[in-house]
2 protein chains.
Amino acid sequence: MTKARKAILARLKSAKQPISVTELAKQLSDFCNPVTVYRNLHYLENNNLATSFVLHCSDHGTERYYSAKEGKGHHHWFHCESCHQFIDLGGCFYTEQMRQFETEHGFTVHDHTFYLTGICEDCKQELGS
Amino acid sequence: MTKARKAILARLKSAKQPISVTELAKQLSDFCNPVTVYRNLHYLENNNLATSFVLHCSDHGTERYYSAKEGKGHHHWFHCESCHQFIDLGGCFYTEQMRQFETEHGFTVHDHTFYLTGICEDCKQELGS
DNA sequence: TTATATTTGCAAATGACTTGCAAAAAGCAG
DNA sequence: CTGCTTTTTGCAAGTCATTTGCAAATATAA
Ligand SMILES: [Mn+2]
Ligand SMILES: [Mn+2]
Ligand SMILES: [Zn+2]
Ligand SMILES: [Zn+2]
């Protein structure tokens, strides 16, 4: 495992929330090239060391966010469109319902996306109201 | 209301599922410019005549999909990554849970995204297995 | 119909993400 | 350690959805 690879994985592990590639590349900018970040994130995801999802935020547009995959299963998140922090909503609670949909409609689910966007408690206060 | 606007809204209304801007622009290509499609979709959404969401499909990448907003509330969808058709999962059933999350975490939800991706029944057969 | 406001097309820009290619680093055998 | 093979990296350039500036065309108001 190369040092760029190690650094990226370490950064993902130390984060308590998903990070966008843009942000990650910025943080590692004097360590490696953005292209290397992209390539290694693919590598990490293919090797089950990381997971990602695509989220659209009004300020930052559409980006892919990554987290390290350490034991704990699939989580869902709330994203604050003011401070851009994520709040963990806990483990996935849709497995049952997805099975239901599968039998009901005959399709096979490969993946699912669920997230909330809005304003977090702290930002509500800072922005008054 | 201009004729481009009317044509776009008509197309959205006649569709029984969300359409990507790319697809919509292609369908209306000898009628108006893609830029006009983009601009009018923004107009329609701002005026509550259409809704949209961003979805990532392995084949087509990340795109925004639009539907006409005719009475019926917010729906969720399954997207087939083989034939790229959407299957309606019915009206939104998360309002209750979102209120729950709001009180639990103190944030205010402005929007939410939920969708499934996979292979539809027909495509499973065609692709054997 | 004329004046004013809005919309359209075209060309160019943006921004996330990918790709070709040659140099650099990592793995491996001796 | 050393020479050799494989993988990874950086750089430049490309792709693709979406946006923007600007002047011409169209719609709306007077
Ligand atoms: Mn954000
Ligand atoms: Mn698709
Ligand atoms: Zn916040
Ligand atoms: Zn299908």
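Order of the sequence lines fixes the chain letters, A, B, ..., with proteins taken first and strands second; residue numbering starts at 1 for each chain. The structure presented is a predicted model; accordingly, all values stated were derived computationally and were not measured.
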Item to check | Joint hydrophobic cluster, B:Met98 plus B:Tyr115, side-chain heavy atoms closer than 4.5 Å | outcome: no
Checklist entry - Does B:Asp111 reach the side chain of A:Leu116, with side-chain heavy atoms less than 4.5 Å apart? => result no
Next on the checklist: Once ring-ring contact (aromatic ring centres under 6.0 Å, His included) is applied, do any residues pair with A:His74, and if so which ones, sequence neighbours excluded?
Outcome noted: A:His76, A:His112
Checklist entry - For the ring pair A:Tyr66 and A:Phe53, is the centre-to-centre distance below 6.0 Å? => result no
Polar pairs (N or O, both sides) under 3.5 Å between protein and nucleotides 1-3 of chain C?
none

Item to check | Check: B:Phe107 ring centre within less than 6.0 Å of B:Phe101 ring centre | outcome: no
Item to check | Shared hydrophobic cluster for A:Tyr38 and A:Val35 (ILVMFWY, side-chain gaps under 4.5 Å) | outcome: no
Next on the checklist: In this structure, how many angstroms lie between the P atom of C:dC28 and the CE atom of A:Met1, rounded?
Outcome noted: 14 Å
Checklist entry - Does the gap between the ring centers of B:Phe78 and B:Phe86 come in under 6.0 Å? => result no
Checklist outcome for this item: Per the under-4.0 Å heavy-atom filter, residues of residues 5-32 of chain B near DNA chain C come out as B:Arg5, B:Cys32
Checklist entry - What is the distance from CG of A:Asn33 to P of C:dA25, rounded to the nearest Å? => result 14 Å
Checklist entry - What are the 5'-most and 3'-most nucleotides of DNA chain D lying under 4.0 Å from any heavy atom of chain A? => result D:dT8 to D:dA12
Checklist entry - For DNA chain D, which residues in residues 57-64 of chain A have a heavy atom at a distance below 4.0 Å? => result none
Checklist entry - Would you say B:Glu102's side chain and B:Val109's backbone share a donor-acceptor pair under 3.5 angstrom? => result yes
Checklist entry - Are any non-hydrogen side-chain atoms of A:Leu55 and B:Val54 less than 4.5 angstrom apart? => result no
Item to check | Within 6.0 angstrom of B:Glu70 CD, more than 12 heavy atoms from elsewhere | outcome: yes
Item to check | Which residue lies more 5' along DNA chain D, comparing B:Thr2 with B:Val35 via nearest heavy atoms | outcome: B:Val35
Checklist entry - Looking at DNA chain C, which of residues 36-46 of chain A put a heavy atom within less than 4.0 Å of it? => result A:Tyr38, A:Arg39, A:His42
